[in-house]
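Counting convention: from 1, in listed order, for ligands and their atoms alike.
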Amino acid sequence: MKKTIIIRENRIDEAANALKEGKLVVFPTETVYGLGANAFDEEAVKNIFIAKGRPSDNPLIVHIANINQLKDLTGEIPEYAQSLIDAFWPGPLTLVMKKSDLVPEIITGGLDTVAIRMPSHPVALKLIKLSGVPIAAPSANISGRPSPTSEIHVVEDLSGRVDYILLAGDTSVGLESTVLDISGAIPQILRPGYITYEDIHEIIGQLKYDLHLTDKNITPKSPGMKYKHYSPKAKVIIVEGKYSRQKMTSMIDDYAEQGIKVGIMGTDELLKGFSGVVCCSLGDAKKISEVGNRLFRCLRDLDQQKVDVILAESFNREGLGVAIMNRLEKAAGYHIINSEEDMQ
Ligand code: AMP
Ligand code: MG
């Protein structure tokens with residue numbers, strides 16, 4: 001067990017110095033909390049994989065605070081990258097580009113590309129600036145668990161495994177960044193996120209989704225995407241279709257007979273039909289960004305309440321709904337029940 005020092009922004013200098021010295025620092029970003037190390041320090045980056053229990057072929061995103069750092073990390077930058085940077089940085093868009101020789105292989109899982117993002121969280125930007133180096137950082141959770149969006153989540157997962165935890169409240173986006181590969185002929189979304197297909201299309205026109213996002217039998221181009229992700233301890237089942245509430249009600253009854261404790265995760269509109277069941281609200285159905293923000297928190301909250309099964313509402317796969325369903329489907333291991341087939 002490591003001694004973990006938990007601090008806030010008033011002690012950010014200590015965290016920046018720790019990064020310079022090759023130590024591990026958990027820090028807030030606008031998407032989720034990150035587990036950071038100096039991207040140029042191979043030994044420090046190795047320790048990220050150990051602390052998280054992350055498979056070594058799952059590459060890391062490098063976080064930067066200014067454009068000069070981008071030049072150090074990349075080889076070729078396509079011309080249109082500048083319009084994406086102008087539109088979305090700092091912010092939750094990660095760009096995958098050809099890597100420079102300075103980037104250690106351990107960061108890229110042996111690929112010749114590197115994933116880079118400039119976060120917009122003021123504490124993240126300040127930390128990167130003060131440390132003076134780019135920071136490699138995956139989400140600050142034990143590998144496989146839902147990404148951490150609250151202080152309690154990072155303390156729960158990584159206390160005793162890292163040198164510093166820098167806390168700054170809940171994250172505002174709550175879902176990880178969109179990963180866009182701009183190293184090939186046509187830009188490809190490898191992981192959907194807060195910045196949507198439509199947002200990017202408006203800036204660069206030509207664009208597609210990596211095929212694995214629409215066909216789960218295809219191996220993802222982004223190596224890490226093949227792993228099981230976002231899993232709470234409870235089993236998650238997505239219930240979709242217009243009879244979702246009725247289907248959930250009958251499932252709750254069946255589970256109750258077997259002594260299985262059920263939790264429901266959905267928008268207020270769905271939840272108001274239930275009483276005497278553990279529920280976690282994803283907010284107002286009309287505010288899809290609120291659903292995104294609460295998703296991981298609810299998965300963890302329901303675990304805290306020791307439910308065995310989580311029944312989750314389904315969302316339209318458009319706009320931000322694409323990212324929400326991507327995370328939810330992985331959390332559920334693609335276990336989806338169509339209430340319309342069952343209830344007619
Ligand atoms: P995490 O930091 O845990 O949110 O995960 C980072 C995501 O970025 C994973 O899905 C990685 O597979 C992806 N990624 C990082 N580097 C690359 C790269 N060079 N090429 C493709 N995907 C990448
Ligand atoms: Mg992650």
Side-chain angles (χ1 to χ4, degrees), residues 24 26-37 39 45 48-49 51-64 70 73-77 81 92-100 102-119 121 124 134-149 153-154 157-158 171 173-184 187-195 209-213 218-232 292 295-296 299-300 323 326-327 329-331:
L24 296 183
V26 169
F27 65 99
T29 83
E30 73 280 20
T31 57
V32 302
Y33 273 84
L35 165 50
V45 175
I48 292 180
F49 288 87
K52 271 190 68 120
R54 184 175 174 106
S56 62
D57 66 345
N58 188 356
L60 305 177
I61 295 171
V62 180
H63 294 70
I64 59 171
L70 176 67
L73 295 163
T74 52
E76 273 160 62
I77 306 179
L93 177 70
T94 295
L95 296 174
V96 173
M97 291 175 258
K98 290 275 181 247
K99 81 175 199 71
S100 78
L102 290 177
V103 180
E105 283 211 344
I106 180 151
I107 286 184
T108 65
L111 298 171
D112 63 353
T113 52
V114 59
I116 303 171
R117 164 171 119 80
M118 190 187 291
H121 196 297
I135 305 295
S139 48
N141 50 283
I142 298 286
S143 217
R145 300 260 296 135
S147 298
T149 58
H153 302 164
V154 276
D157 273 21
L158 292 177
T171 65
V173 170
L175 287 177
E176 305 88 343
S177 60
T178 305
V179 178
L180 182 71
D181 184 349
I182 57 170
S183 68
Q188 270 194 327
I189 294 183
L190 304 184
R191 176 175 76 184
Y194 188 75
I195 307 285
Y209 278 113
D210 181 17
L211 284 177
H212 92 276
L213 293 169
I218 290 180
T219 308
K221 199 167 166 238
S222 188
M225 297 289 283
K226 68 175 184 257
Y227 293 107
K228 191 166 156 58
H229 259 88
Y230 318 119
S231 312
L295 190 73
F296 289 135
L299 289 173
R300 284 188 182 247
N326 169 268
R327 307 306 191 272
E329 283 174 349
K330 283 175 172 245

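No side-chain heavy atom of K99 sits less than 4.5 Å from a side-chain heavy atom of L111. Using a 4.5 Å heavy-atom threshold, the side chains of L158 and Y33 count as separate. Side-chain contact between E176 and R117: absent, with no pair of heavy atoms (C-beta onward) separated by less than 4.5 Å.
Which of A136, G110, P59 comes nearest to atom 17 (C) of ligand 1 through a heavy atom is settled by distance: it is P59.
In summary, the atoms of ligand 1 found under 4.0 Å from a heavy atom of A115, numbered by their order in the structure, are 15 (C), 16 (N), 17 (C). Listed by number with element, the atoms of ligand 1 under 4.0 angstrom from any heavy atom of N58 are 9 (C), 11 (C), 12 (O). If you number the atoms of ligand 1 from 1 as listed, the ones under 4.0 Å from a heavy atom of T113 come out as 18 (C), 19 (N), 20 (N). Counting the atoms of ligand 1 from 1 in the order shown, those under 4.0 Å from a heavy atom of P138 are 2 (O), 3 (O). The L190 neighbourhood of ligand 1 comprises atoms 21 (C), 22 (N), with distances under 4.0 Å to a heavy atom of that residue. Here is the list of ligand 1 atoms found below 4.0 Å of a heavy atom in R191: 1 (P), 4 (O), 5 (O), 6 (C), 7 (C). Those atoms of ligand 1 with a heavy atom of L111 less than 4.0 angstrom away are 18 (C), 19 (N), 20 (N).
Note that OH of Y209 and CG of L211 are 12.5 Å apart. Values are rounded to the nearest 0.5 Å. Rounding to the nearest 0.5 angstrom, the gap separating the CG atom in L70 from the OG atom in S100 is 10.0 Å.
Taking the charged nitrogens against the carboxylate oxygens, D157 and R300 do have a contact shorter than 4.0 Å, which makes a salt bridge.
Not one N/O/S atom of S143, from backbone or side chain, sits under 2.8 Å from the Mg ion (ligand 2).
Each of T74, I61, I182 was scored for a side-chain contact (heavy atoms from CB on, under 4.5 Å) with L95, with one residue passing: I182.
Inspection of the S177 and R191 side chains reveals an N or O donor paired with an N or O acceptor under 3.5 Å.
The closest approach between T108 and ligand 1 stays at or above 4.0 Å for every heavy atom of the residue. Heavy-atom distances between R54 and ligand 1 reach below 4.0 Å in at least one pair.
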